[in-house]
Structures are given as structure tokens and as C-alpha cells.
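Data block below; observations after.
Just so it is clear, the structure is predicted and the values come from calculations on it, not from any experiment. Every chain is numbered from 1 and lettered A, B, ... according to where its sequence line falls, protein lines coming before strand lines. Values reported hereafter were calculated over all heavy atoms of this structure, with side chains retained and with hydrogens, waters and symmetry mates removed.
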Amino acid sequence: MREFAYRRTSRIDEALHLVARHEGARFLAGGTNLVDLMKAGVESPARLVDIRSLTLDEIGETPDGGLVLGATATNSAVAADPRVRGRYPALSQAILLGASGQLRNMATVGGNLLQRTRCAYFTDTSEPCNRRVPGSGCPAIDGAHHNHAILGWTRHCVATHPSDMAVPLIAFDAVVRYEALDGPGAIPLSEFYLPVGDRPDRETALPDGALITAVTVPAVKAAGRSRYRKVRERASYAFATVSVAAALDVRDGVVQDVRLALGGVASRPWRARLAESALRGGPLTAERISAAADVELAAAEPLRDNAYKVTLARNLIEAVVTELAADTGEESNG
Amino acid sequence: MTDNGRGEIETRSEISLRVNDVDYRVAVDNRRTLLDAVRDDLGLTGTKKGCDHGQCGACTVLLGGRRVLSCLTLAVAAEGAAVTTVEGLAGDGELRPIQEAFVRLDGFQCGFCTPGQLCSAVGMLAEHAAGWPSAVTRDGSPERTPELTEEEIRERMSGNLCRCSAYPSIVRAILEASAREAVAG
Ligand SMILES: Cc1cc2nc3c(=O)[nH]c(=O)nc-3n(C[C@H](O)[C@H](O)[C@H](O)COP(=O)(O)OP(=O)(O)OC[C@H]3O[C@@H](n4cnc5c(N)ncnc54)[C@H](O)[C@@H]3O)c2cc1C
Ligand code: SF4
Ligand code: FES
Ligand code: FES
């Protein structure tokens with residue numbers, strides 16, 4: 001690991017200056033991803049600015065009935081919050097289905113969104129990788145990629161984003177709030193992760209040196225009945241193979257609102273807008289649910305060894321929407 | 001802790017660590033993890049290094065009463081917080097209930113994962129007492145504390161691997177000790 005300076009501050013402006021004025025400086029939150037990648041030599045910051053003494057760990061209400069999740073609130077605190085559990089159950093479930101109790105106690109809201117891919121080539125500095133070393137190539141395309149992307153990838157990178165928490169957040173139209181030296185800003189989570197394009201190393205729209213201060217989640221009626229399902233290679237303490245967050249609001253047999261997002265399928269949490277449009281405004285029949293899953297996955301381009309994910313994603317969408325329909329007493333009747 | 005006035009970057013820090021209610025003053029390279037500091041600088045070798053990458057739970061300690069992984073915690077970042085390692089779990093020469101239950105019910109074979117299992121179990125029981133849910137909690141009412149079943153314990157303890165696969169006895173020991181720990185802890 002490269003040597004680095006360490007600073008801790010309780011002031012946002014000082015944190016911003018400490019990072020902006022110093023080439024190679026990074027914020028340190030829970031450290032569960034950054035410290036790990038520093039050990040692997042993938043990240044080598046010259047200075048760490050510890051942000052856990054900033055008072056950004058609150059979970060509060062927004063005027064419109066939504067929630068503000070402070071950037072340094074731990075994953076555990078968000079998952080256990082009664083308001084999150086009551087109004088956005090899929091968010092609590094997604095967090096609890098990720099990592100372990102210890103890791104969730106350390107990991108933060110901001111760090112979770114900014115965690116890097118778990119592609120094994122990315123973490124192995126003896127291998128080429130466009131995401132780590134731009135232009136060096138992508139060995140995963142012809143190599144080990146059974147856990148890689150089926151949607152939205154390019155030949156420059158086929159990695160997936162590992163966050164579970166981001167999947168329900170994108171379904172609920174969450175917004176990332178930040179502070180930068182030239183003032184505050186906000187980016188909808190749907191625009192936060194950049195398309196892969198030919199520069200997979202450019203991952204987010206967050207300006208250089210900006211500090212995420214909070215993630216806001218608007219009031220979403222459908223979110224009160226939401227669910228997260230995750231398929232993984234062991235029963236607990238493993239990243240998603242494919243996951244789905246779904247929320248449903250059905251009245252008088254007609255879908256008023258539906259939210260669907262997939263994890264483990266792309267370089268970012270994948271909002272399944274085509275499937276949502278196919279379901280919204282109509283009755284919830286088995287045929288329509290199945291057709292909605294198909295229309296979303298029509299764009300899937302599986303790699304040599306991961307076509308199973310297309311079927312898995314399709315089945316997960318069907319299963320979760322059907323379960324939610326049964327929950328709301330609006331049984332699919334087809 | 002940074003610029004030393006000559007434009008050089010300070011990559012070492014003088015820190016105070018409070019471990020098991022004892023204050024230590026140590027000079028560490030900023031790269032030092034809490035795990036290595038506790039084991040090598042303080043000589044508290046009860047805490048074990050399994051994977052060193054957050055994947056096994058052997059290095060679990062309590063930080064401010066919450067269970068964390070000491071292998072992904074920088075020692076400098078732990079300054080000012082109260083650390084409890086396995087050496088600090090017992091009081092006054094007497095094992096606490098969870099330790100006694102591990103011994104009596106064979107909650108280990110080789111024992112390498114045990115310090116992490118014990119610290120994790122103590123932290124887990126506190127989380128449960130605080131009403132925190134787990135992935136297997138059937139969440140009817142967010143305000144109610146879920147009952148601590150075997151299924152709950154397995155899920156909540158999934159961050160602690162045991163290569164000897166002593167899991168059934170670990171779960172039994174935690175379940176058996178949980179009522180007494182809650183009183184004690
Ligand atoms: C063994 C293991 C299993 C895991 N399993 C899962 C899983 O199943 N599902 C899942 O979703 N995750 C999983 N994780 C990943 C874990 O959730 C992330 O590592 C964690 O959420 C990162 O948060 P952190 O606070 O520790 O971030 P850090 O490691 O501190 O930081 C990560 C990055 O974000 C930057 N950063 C942090 N906060 C801010 C901020 N406020 N503003 C700007 N930049 C910031 C840092 O500079 C750094 O680049 C696992 C991790 C491990 C080690
Ligand atoms: S898939 Fe992306 S992260 Fe993995 S090796 Fe290719 S470029 Fe690197
Ligand atoms: S040594 Fe820390 S989790 Fe394995
Ligand atoms: S008792 Fe041997 S690793 Fe758990």
C-alpha cells in the first residue's frame with residue numbers, strides 16, 4: 001500500500017478544501033471498499049480525509065413526505081430506521097441482503113453508491129482492465145464473465161455495479177445531493193452513473209472533489225408496498241447475481257404506479273422503464289407481467305457465459321410483481 | 001498529521017487508542033489497520049487475521065459497542081472510539097454467558113474463528129435488543145423486535161465464517177446464552 005496522509009475534520013468546507021487542494025486526495029467513509037482497494041493497490045490516494053466526524057449521519061424527513069438519508073448514515077442505521085422499513089421496505093431489505101452485519105455497521109450511504117465493481121480483473125493489478133487503466137483492454141469479455149453485465153455494456157467494459165442499496169433507490173427516483181467548492185448540487189440517481197461508453201473509468205457524474213452530503217428519496221405511494229429479491233451464489237454474505245426491486249400501486253384492478261429496477265445486470269442499477277410502461281395503466285394479468293419482463297429484456301446482450309442471467313432476470317421480475325400483486329389483494333387473474 | 005512545515009507529507013500519526021478500557025498511546029504508520037495495531041503494537045493477539053479483506057469476520061471487534069471488521073478499519077480512524085476485543089469480553093476473571101456457552105456447547109473446534117464469533121455475537125445481540133431487523137425478519141411491524149430464532153441467528157451471524165463448520169453448535173450456544181447475555185449486557 002502506498003503511504004498516505006490522514007486528516008479528520010468536522011467541517012464540510014474544510015473537508016472540501018483538504019481534498020481539492022491535494023492531488024490524489026480522497027474522502028474516507030466506512031473504508032470497507034476504499035481500504036480494501038488500497039490493500040490491493042487498485043487505489044493509491046496520497047491523502048485520506050475522514051468524513052465520519054462531519055454531522056452528515058442523520059436520517060430525516062423532507063417537506064414533501066420523503067426522506068433524507070445523510071451521506072455518512074451507516075447502512076445498518078438506514079435499514080433499521082422505522083420510516084425506511086414502513087415507507088420503503090425494499091430499501092431496508094436490499095441493504096439487509098447485502099454484505100454482513102459488521103460491514104453494514106461500517107458502510108455508509110455515500111460510500112455504498114460509490115463502491116467500485118467486483119470484477120476480479122479490476123481488483124487484480126497484474127491484469128489489464130480499462131476501468132482501472134484506461135486503454136489497457138478488457139480481459140473479461142473473452143475471459144471469466146459469468147457474473148458480468150447483460151445490459152448496457154460496451155466492448156470497453158462489461159462489469160456490473162455491485163450495490164444492492166442503489167437498486168431500490170433508483171426505482172424510487174432518489175437524488176444525490178453534494179457540496180463542492182463552487183456550491184451545492186444535486187443529481188438524480190438515474191443520471192448519476194455514466195453510460196459505459198469508451199471510458200469505463202469515468203463512473204459517475206459527481207464533480208471532482210465533490211462531497212456527497214445526502215441522498216433524498218421522494219414520497220412514492222407505491223413504495224409502501226415494495227420488495228427486493230436477490231439471487232446469489234450462497235444464502236447470505238454474497239453479492240447479487242441478479243436482483244430486482246419492485247413497487248406496485250394497483251387500484252380497482254388497474255396499475256396506477258409500478259417501479260422496477262434490476263441489480264447485477266449492468267454497470268449501474270438498471271431502472272426497467274420499458275417494463276414499467278408496459279404495466280402502467282392496465283390490468284395486472286400474468287400475460288401482461290410476462291410481456292413486460294420480455295420487453296425490458298429484449299435489449300439484453302448476454303456474453304458467452306452469462307445468458308442464464310437473462311432468464312433469471314425475467315423470472316425474478318415475474319415472481320416479484322406477482323407476489324406484490326398477491327400482497328395487495330389484486331391477484332393477477334390470467 | 002499532515003504537512004510538517006517543510007512541504008513533506010506526514011504519513012505517520014501519534015494516536016490514542018482506548019482498548020478494553022485501557023488507554024494506549026502509539027505511533028503508527030497511517031497504513032496500519034486496527035487489526036495489526038491491536039495485535040502487533042498492543043500485543044492483544046486474541047483478535048485473528050483470516051482473510052484481511054472483509055470476507056471472513058475473524059477480525060471482528062466492537063467499536064463504540066457496535067461490531068466492525070478491524071481489518072478494514074484504519075487505526076488512525078479508530079482514534080477516540082472505545083474498542084473492545086475478545087480479551088475485554090470477560091469481566092473479573094469470569095467468562096460472560098456467551099463465552100461460557102461456547103465452551104460448554106462446543107461452539108468451536110480449532111478456535112481460530114472464535115474471538116470473532118464471540119465479539120460478533122455480543123454486537124449482534126445488542127443490535128437485536130435495539131430492534132434492528134435482519135434479512136429474514138418478516139417485517140410486519142417495524143416497531144416490534146423480532147424473535148431471535150435459529151434462522152435469525154444464522155442470518156445475523158453470516159459475516160463470521162467457520163472453516164471447521166462448527167455452525168450448529170455456534171448457533172445453539174448463542175441461542176442458549178442470549179437471554180442471559182441480554183441481562184448481562
Ligand atoms: C466482503 C464484502 C461483501 C460485500 N457485500 C456486499 C453486498 O452484498 N451488497 C452490497 O451492496 N455491497 C456489498 N459490499 C460492499 C459494501 O457495501 C461497500 O463497500 C460499502 O457500502 C462502501 O461504503 P463505505 O462507507 O465503506 O465506503 P468507503 O470505502 O469509505 O468509500 C468508497 C468510495 O466512496 C468515496 N466516498 C465515500 N463517501 C463519500 C462521500 N460522502 N462523498 C464523496 N465520496 C465519498 C470514497 O472516497 C471511496 O472512493 C461488500 C463488501 C465486502 C468487503
Ligand atoms: S469488465 Fe470492466 S472492470 Fe472487468 S476487466 Fe473489463 S474493463 Fe475491467
Ligand atoms: S480478517 Fe477481517 S474479515 Fe477476514
Ligand atoms: S472453529 Fe475452526 S474456524 Fe471456526
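In the displayed structure, Glu323(A) atom CD is contacted under 6.0 Å by more than 12 heavy atoms of other residues, nucleotides or ligands. More than 12 heavy atoms of other residues, nucleotides or ligands sit less than 6.0 Å from atom CZ of Arg104(B).
For a residue to count as touching a neighbouring chain, one of its non-hydrogen atoms must lie under 4.5 Å from one of that chain's; by this rule Arg52(A) touches chain B with the side chain only. Only the side chain of Thr33(B) comes within contact range of chain A, with heavy atoms under 4.5 Å apart. Heavy-atom distances place no part of Leu63(B) under 4.5 Å from chain A, backbone and side chain included. With a 4.5 Å cut-off on non-hydrogen atoms, Thr60(B) touches chain A through its side chain but not through its backbone. Of the atoms belonging to Leu34(A), not a single heavy atom falls under 4.5 Å from chain B. Of the two parts of Ile95(A), neither the backbone nor the side chain holds a non-hydrogen atom closer than 4.5 Å to a non-hydrogen atom of chain B. The contact between Asp50(A) and chain B is made entirely by side chain atoms (from C-beta outward), counting heavy-atom distances below 4.5 Å. Looking at Cys56(B), only its backbone comes within 4.5 Å of chain A, counting heavy atoms on both sides. Of the atoms belonging to Cys119(B), not a single heavy atom falls under 4.5 Å from chain A.
Residues Val35(A) and Cys71(B) share a closest heavy-atom pair of CG1-O, 4.5 Å. Across all non-hydrogen atoms, the minimal contact from Arg67(B) to Gly101(A) is NH2-CA, 3.7 Å. Taking every heavy atom of both residues into account, Arg31(B) and Met1(A) meet most closely at NH1-O, 2.7 Å. Smallest separation of non-hydrogen atoms from Leu69(B) and Met106(A): N-SD, 3.4 Å. Shown here for Pro133(B) and Ala79(A), the closest heavy-atom pair between the two residues is CG-O, 3.9 Å. Residues Ser120(B) and Gln102(A) approach most closely at OG-NE2, 3.3 Å, considering heavy atoms.
Counting only heavy atoms from C-beta outward, the side chains of Leu72(B) and Leu103(A) approach each other to under 4.5 Å. Side-chain atoms of Asn30(B) and Glu3(A), non-hydrogen and from C-beta on, never get closer than 4.5 Å to each other. For the pair Arg66(B)/Ser76(A), no side-chain contact is recorded, criterion being any heavy-atom separation below 4.5 Å from C-beta on. Contact of the Asn105(A) side chain with the Trp132(B) side chain is registered, since non-hydrogen atoms from C-beta on lie closer than 4.5 Å.
Annotation: the span from Gln93(A) atom CD to Ser134(B) atom OG amounts to 11.0 Å, rounded to 0.5 Å. A distance of 15.5 Å separates CD in Glu10(B) from OH in Tyr6(A), rounded to the nearest 0.5 Å.
Results of the side-chain contact (heavy atoms from CB on, under 4.5 Å) test with Phe4(A) over Leu74(B), Thr11(B), Asp29(B) single out Leu74(B) as the only residue that passes.
No donor-acceptor distance shorter than 3.5 angstrom exists from the side chain of Arg156(B) to the backbone of Ser100(A), with no hydrogens or angles considered.
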